[in-house]
Asks: 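Take this structure, written in structure tokens, and hold onto it; I'll ask about it next.
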Amino acid sequence: MNKITVYQFTDPVCIWCWGNEPVMRAIDYLYGDKVDTEYIMGGLVEDITTLFEDRDSGEDAIASANERMHRNWIAASARHGMPVTADRITLFSREQPSSFPQNIAYEAAKRQNPVAAKRFLRRIREATFAEARPTARIDVLIELAGEAGLDVAEFVDEYTHGNAQADFMQDRTKCRRNGITGFPSYLIKSEQTSIILGGYQNLATFHTIIRRLSDGKIKPRKAGPSQANVADFIKRYSTVYPVEIETAFGLDRDQTDAIIDELIASKSVAAEPIGDGRRLTIAKTARKDRSQNAPAAKRRSAKGNAESGNDKSTDKTPNPVTTEA
């Protein structure tokens, strides 16, 4: 089968890349190993003091830039639904005026473990937008790397002495080579054809392009919006926001909220207010119950497999363009 790869040209502190997280998760959830997702770092902010034309200088200019950026986040969140903090942000400072450290940190993580690097990227985004943390600081990055399951000592070594910075520079070259001028942008690539998309995209666009590039052979799996499926979705990704459930299961906001409220009422899912939204996790009581019931479930599964003889585990599309990645 002709495998598809979706490359996102991105920056860890790009608000619209945070807004496209529900789509990237839905692609992973619905297509599994039939469609790969990869990230190419672009470096959104080289120096915050030159990004906005402010009359202020020094610390005042940085504070003004942080405030203006936060206003942009709030406006974007109202459109895409991913939460942002209500707190005053200090993302940029005189010591850390750039988003390059977060980009280089992702490259350092990728050198160690590409799968954990994606979790790390997610945590950087979450900590930046929903938790108001200054994610350019090395102490914050180290903490987030540990949470993502990375070997912290190896991460620090790659970040400070390894080739992570060179990898980041190569990624920026890929952005220029492909004509990328804004984030997020996407390269959807099969063995024969590539298509580039610029800007925030909805899931339907990716469904159309994946179907086209695979001649209809790669299709999303059908996942009904049952409470069990939604709970499994939350368990799979550890922390989830309502719009991600809405996107993956094709629901509207009222349907999504109803399922979430039922899961919370049954103590299967816990909700934590964060920013202008709520963060969902599997409830501790549910995790404990599942752990206690696991041996019995395994025995039932083994018995069922023995009896059955089954030992298996369980619009318009943009024109193709020649690109490189």
Side-chain angles (χ1 to χ4, degrees), residues 5-25 27-28 36-48 69 73 82 89 91-93 95-178 180 182-187 189 200 237-239 325:
T5 303
V6 175
Y7 297 91
Q8 185 189 78
F9 298 94
T10 191
D11 184 288
V13 305
C14 166
I15 184 60
W16 286 102
C17 296
W18 175 234
N20 249 171
E21 279 286 289
V23 172
M24 295 299 282
R25 275 203 166 166
I27 292 171
D28 177 71
D36 288 335
T37 55
E38 300 292 342
Y39 297 90
I40 299 173
M41 297 294 112
L44 178 65
V45 181
E46 185 168 3
D47 185 343
I48 192 64
M69 185 162 285
W73 290 2
M82 289 294 277
I89 67 167
L91 179 61
F92 297 103
S93 63
E95 295 76 22
Q96 302 292 350
S98 171
S99 69
F100 284 16
Q102 293 95 325
N103 288 258
I104 295 168
Y106 170 78
E107 303 287 4
K110 187 177 178 181
R111 280 187 160 266
Q112 179 186 147
N113 185 324
V115 174
K118 292 178 182 179
R119 293 196 298 269
F120 179 49
L121 177 59
R122 168 71 178 209
R123 274 302 291 136
I124 295 175
R125 296 200 204 279
E126 193 172 41
T128 299
F129 297 110
E131 300 169 10
R133 298 178 68 181
T135 52
R137 285 173 31 182
I138 185 61
D139 59 323
V140 175
L141 290 169
I142 288 171
E143 183 178 342
L144 299 176
E147 292 175 7
L150 291 160
D151 181 291
V152 170
E154 185 178 345
F155 165 76
V156 172
D157 187 58
E158 287 286 0
Y159 179 82
T160 55
H161 305 298
N163 292 315
Q165 184 166 348
D167 291 346
F168 171 48
M169 291 299 111
Q170 288 179 7
D171 271 12
R172 297 197 83 201
T173 298
K174 291 177 184 178
C175 291
R176 290 192 295 271
R177 191 190 312 155
N178 285 287
I180 303 302
F183 309 123
S185 292
Y186 296 91
L187 168 62
K189 189 173 185 179
Y200 175 86
Y237 294 108
S238 298
T239 61

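Note that the coordinates shown come from a computational prediction; the quantities given were computed from them, not determined experimentally. Below, all heavy atoms of this structure are taken into account, side chains as well, without hydrogens, waters or symmetry copies.
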Asks: Looking at CZ of Arg122 and OG1 of Thr239, how far apart are the two atoms once the value is rounded to the nearest 0.5 Å?
Replies: 5.0 Å

Asks: How far does OG of Ser185 sit from OH of Tyr7, to the nearest 0.5 angstrom?
Replies: 15.5 Å

Asks: Between the side chain of Gln112 and the main-chain N/O of Asp151, is any donor-acceptor distance below 3.5 Å?
Replies: yes

Asks: Determine the minimum heavy-atom distance between Thr37 and Lys118, stating which atoms define it.
Replies: O-NZ, 2.5 Å

Asks: How close do Pro22 and Gly19 get, heavy atom to heavy atom, and via which atoms?
Replies: CD-O, 3.2 Å

Asks: What pair of heavy atoms forms the shortest contact from Val13 to Asp11, and how long is it?
Replies: N-OD1, 2.8 Å

Asks: On a heavy-atom basis, which atom in Pro101 and which in Ala136 lie closest, and how many Å separate them?
Replies: CB-O, 3.7 Å

Asks: Report the distance from atom CG of Asn163 to atom CD of Glu158, rounding to the nearest 0.5 Å.
Replies: 7.0 Å

Asks: Is there a side-chain contact between Phe183 and Asn20 in this structure, where contact means two heavy atoms from C-beta onward sitting under 4.5 Å apart?
Replies: no

Asks: Between Asn103 (side chain) and Met41 (backbone), is there a donor-acceptor pair under 3.5 Å?
Replies: no

Asks: Measure the CD1-OG1 distance between Ile89 and Thr135 for me, rounded to the nearest 0.5 Å.
Replies: 9.5 Å

Asks: Is there a side-chain contact between Leu141 and Ile124 in this structure, where contact means two heavy atoms from C-beta onward sitting under 4.5 Å apart?
Replies: yes

Asks: To the nearest 0.5 Å, tell me how far Thr128 OG1 sits from Gln102 CD.
Replies: 6.0 Å

Asks: Mind checking whether Phe129 and Trp18 have parallel, tilted or perpendicular rings, split at 30° and 60°?
Replies: parallel

Asks: Of all heavy-atom pairs between Ser99 and Gly43, which one has the smallest distance, and what is that distance?
Replies: OG-C, 4.3 Å

Asks: Is there side-chain contact between Tyr237 and Asp28, with at least one heavy-atom pair below 4.5 Å?
Replies: yes

Asks: Do the side chain of Ser98 and the main chain of Val45 share a donor and acceptor less than 3.5 angstrom apart?
Replies: yes

Asks: Take Arg176 and Thr173 through the test side-chain hydrogen bond (donor to acceptor under 3.5 Å, both in side chains) and record every step on the way to the result.
Replies: CA-CA 5 Å; Arg176 290 192 295 271; Thr173 298; 3.2 Å; yes

Asks: Working to the nearest 0.5 Å, report the span between CZ of Arg119 and CG of Leu144.
Replies: 13.5 Å

Asks: Do the non-hydrogen side-chain atoms of Phe120 and Phe155 ever get within less than 4.5 Å of each other?
Replies: yes

Asks: Quick one: do Asp171 and Lys174 satisfy side-chain contact (heavy atoms from CB on, under 4.5 Å)? Show the steps, please.
Replies: CA-CA 5 Å; Asp171 271 12; Lys174 291 177 184 178; 3.9 Å; yes

Asks: Are Glu131 and Arg123 packed together at the side-chain level, in the sense that at least one heavy-atom pair is separated by less than 4.5 angstrom?
Replies: yes

Asks: Flag the pair Glu107 and Lys110 as a salt bridge only when some basic side-chain nitrogen lies within less than 4.0 angstrom of an acidic carboxylate oxygen.
Replies: no

Asks: Is Glu143 close to Arg133 at the side-chain level, that is, under 4.5 Å between some pair of heavy atoms?
Replies: yes

Asks: Is any side-chain heavy atom of Met69 closer than 4.5 Å to one of Ile48?
Replies: yes

Asks: Look at atom CD of Gln165 and say whether more than 12 heavy atoms of other residues, nucleotides or ligands are closer to it than 6.0 Å.
Replies: no

Asks: Sub-3.5 Å donor-acceptor pair from the side chain of Arg172 to the main-chain atoms of Gly42, do we have one?
Replies: yes

Asks: Got Tyr186 and Val23 here, is their nearest side-chain heavy-atom distance under 4.5 Å?
Replies: no

Asks: Run Arg125 and Thr10 through side-chain contact (heavy atoms from CB on, under 4.5 Å) and show every step you take.
Replies: CA-CA 11 Å; Arg125 296 200 204 279; Thr10 191; 3.0 Å; yes

